[in-house]
Structures are given as C-alpha cells and as structure tokens.
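Single-structure report; data block below.
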Amino acid sequence: MTNQPSFIGHRERLRQKFNERGVDAFLPHEVLELLLTYVIPRKDTKPIAWALLKKFGSLAAVLDADEKQLCEVDGIGPQAAQFLHLVRAVLKNYSLERVKKHTVINSPQQVIQYCKASLANKKEECLELIFLSIRSTVLSTRIVATGSLDKVLISPRQIIEYALNAHASRIILVHNHPSGDATPSQEDIELTQAVVQAAAVFNIRVEDHIIVGKNSSCYSLRANDYI
C-alpha cells in the first residue's frame, strides 16, 4: 500500500477541527492553511501560509494584498491569489448583508466590519456613504469620491445631494487613510463638521464618520466627540 504524503492527514485534521470547533479555534496560519487546501491540491500549505504571514504581517493584510504581491510568495500562483481575493470579496458582500439585517444601527461596531472590508485595501483615498432610513436601517451604500493618498475632493453640498437622492434620513461617512493610521486630519474634522451643519438644514442626521487606516484600524469621530 502506497503511503500518503503527511500533509494529507494534516488537511483532514484541519477540516475536522473546523467542523467541530469553528474558525475561532484557529490560529491565523491555520486559517490560511485551510483556505489554501481548496486551491492548492498537491502541496503542503503550512509553509506557504507561514510565508504569507511573514511577508504581510497578519491575516487581514494577506487578504488586503493585491494579486501581484501575493504571487511574490513562493507557492502562490495566479489561481491561489485570485482565490484569496475572492474570499475577501465574499467577506465584503457578507458584511454588507449583515449590516442590512440590523433593525437599528446605533453604534460604530455594527458597521465597522463592513467598513474594513469595503475600504481597507484601497490604494487611494475613497469616501463612501452609508444611507439610513429614519429608523436607522440601511438603505444603500455608495462610494462618492476618490482622490490622492492624502485627500478626497468633495463638498458638503454634494454629500447632502447624494443623501437626498437616496431618500436618507441619516448618513454615515466612511473613508480610508491608505498611507497612514486612522487618526483624523484637521481636514477630516472640518469636513465632518461642515457636513453635520449642512445636513441639519435638511433634517438629515450624520450618525458617524468612520476612518479606516492601515491594518484595518478604525476611528469613529462620534465616539471621540467630534460629532
């Protein structure tokens, strides 16, 4: 009888562990190992998982990396890189659906996962709006502006126009800092306060402005008393 490669048994143990205990019982490299078993059939995925974490630093950073960067890791080809991007895209869509299921949005934590999934890997700064009903249920979302690494060009008036077109009673602003941490700049604070003032004229409430930084860090301007 031909002996199977040792990693075959290891794959089965990973899958059994997932079935019995779920992904919360996994270390980051084990999550990557298991994911890669579905797209790399004839290799031990453990050293590849460790190489990914060594290069990018975290599971989130691996999923945020572009396909070209992923292919620089030995053992990752175009198909595996595309698969990891697919995982992230599914996460984004799943997170949005979870947000939409909330009857009432009343804390940054309820939208933070979606914000990370939506903007964390963007190479340029983007501003996304989450439109809410009077009961704070999610109506829709839209990226309304993109810019350079240090600015997004949009006026408070344009933001209010988008909100009115979406028939929103409340809005959440979300934007990313691709070149730094999530701490707001003075321009971020001034834009937020200008939007709050403009929105009040139309009885629209600005629930929050959430900034997504590197490594999926997040900052809520409402939680830090800027709104």
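Heavy-atom basis, side chains included; hydrogens, waters and symmetry copies ignored. Owing to the predicted nature of the structure, the values given are computational and were not obtained by experimental measurement.
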Taking it one step at a time, do R157 and E161 satisfy side chain to side chain contact (heavy atoms under 4.5 Å, CB included)? CA-CA 6 Å; R157 178 185 61 79; E161 287 179 355; 2.6 Å; yes

Counting C-beta onward and ignoring hydrogens, is there a side-chain heavy-atom pair between I154 and Y162 closer than 4.5 Å? yes

Do any pairs count as a ring pair (Phe, Tyr, Trp, His ring centres under 6.0 Å) and have a residue in residues 183-211, sequence neighbours left out, and if so which ones? H175-H209

CD on E30 to CG on L14, rounded to 0.5 Å: 6.0 Å

Using modelled atom types and a 3.5 Å cut-off, is there a donor and acceptor pairing between side-chain atoms of H85 and backbone atoms of A65? yes

Kindly check if the number of other-residue, nucleotide or ligand heavy atoms within 6.0 Å of CD (Q79) is above 12? no

For atom CD1 of I134, decide whether the heavy atoms of other residues, nucleotides or ligands shown that lie under 6.0 angstrom number more than 12. no

To check you understand the geometry: which heavy-atom pair defines the closest contact between L63 and L84, and what is its length? CD2-O, 3.9 Å

What's the separation between atom CZ in R205 and atom CD1 in I172, rounded to the nearest 0.5 Å? 10.0 Å

May I have the step-by-step check of side chain to side chain contact (heavy atoms under 4.5 Å, CB included) for V73 and F56, ending in yes or no? CA-CA 10 Å; V73 175; F56 297 106; 4.1 Å; yes

For the backbone of I48 and the side chain of T45, can you confirm whether one donor and one acceptor N or O come within less than 3.5 Å of each other? no

Locate the shortest heavy-atom distance separating L32 from A49; write the atom from each residue and the value. CB-CB, 3.7 Å

If you compare all heavy atoms of T146 against all heavy atoms of C126, which two are closest, and at what distance to 0.1 Å? CG2-SG, 3.6 Å

When you compare the side chain of I204 with that of L164, does any pair of heavy atoms fall below 4.5 Å? yes

Heavy-atom distance under 4.5 Å between the side chains of L173 and L221, does that happen here? no

Does F26, at its CZ atom, have more than 12 non-hydrogen atoms belonging to other residues, nucleotides or ligands within less than 6.0 Å? yes

Is the side chain of D188 donor-acceptor paired with the backbone N or O of S185 at a distance under 3.5 Å, no angle test? yes

Going by heavy atoms in the side chains, are F18 and L34 under 4.5 Å from each other? yes

Could you check whether any side-chain heavy atom of P156 comes within less than 4.5 Å of a side-chain heavy atom of L191, counting everything from C-beta outward? yes

In terms of heavy-atom contacts, does CG of N19 have more than 12 from other residues, nucleotides or ligands at under 6.0 Å? yes

Enter the distance from L139:CG to R170:CZ here, rounded to the nearest 0.5 Å. 11.5 Å

Within this structure, what is the CG-CG distance for the pair N176 and L127, rounded to the nearest 0.5 Å? 9.0 Å

Does the side chain of V201 come within less than 4.5 Å of I160's, by heavy atoms? no

More than 12 heavy atoms of other residues, nucleotides or ligands under 6.0 Å from CZ of F83: is that the case? yes

Pair E72 + K68, salt bridge at N-O below 4.0 Å: no

Could you walk me through whether E125 and H177 satisfy the side chain to side chain contact (heavy atoms under 4.5 Å, CB included) test, starting with their C-alpha distance in whole Å, then the side-chain angles of each, then the deciding distance to 0.1 Å, before giving a yes or no? CA-CA 6 Å; E125 197 160 335; H177 283 176; 3.9 Å; yes

Closest contact, heavy atoms only, Y38 versus R15: OH-NE, 3.7 Å

Closest non-hydrogen atom pair between I171 and A168, with its separation: CG2-CB, 4.2 Å

Distance check, rounded to the nearest 0.5 Å: L53 atom CG versus E33 atom CD? 9.5 Å

Just by distance, do the side chain of R222 and the backbone of V206 share a donor-acceptor pair under 3.5 Å? yes

Are D208 and V174 packed together at the side-chain level, in the sense that at least one heavy-atom pair is separated by less than 4.5 angstrom? no

Walk me through it: do V144 and Q158 pass the test side chain to side chain contact (heavy atoms under 4.5 Å, CB included)? CA-CA 9 Å; V144 297; Q158 290 172 298; over 6 Å; no

Of all heavy-atom pairs linking I76 and A81, the shortest is CG2-N, 4.0 Å

Can you say whether the rings of H29 and W50 are parallel (under 30°), tilted (30 to 60°) or perpendicular (over 60°)? parallel

CG-OG1 distance between L129 and T141, expressed to the nearest 0.5 angstrom: 9.0 Å

Tell me, do L52 and L70 make a side-chain contact under 4.5 Å, heavy atoms counted? yes

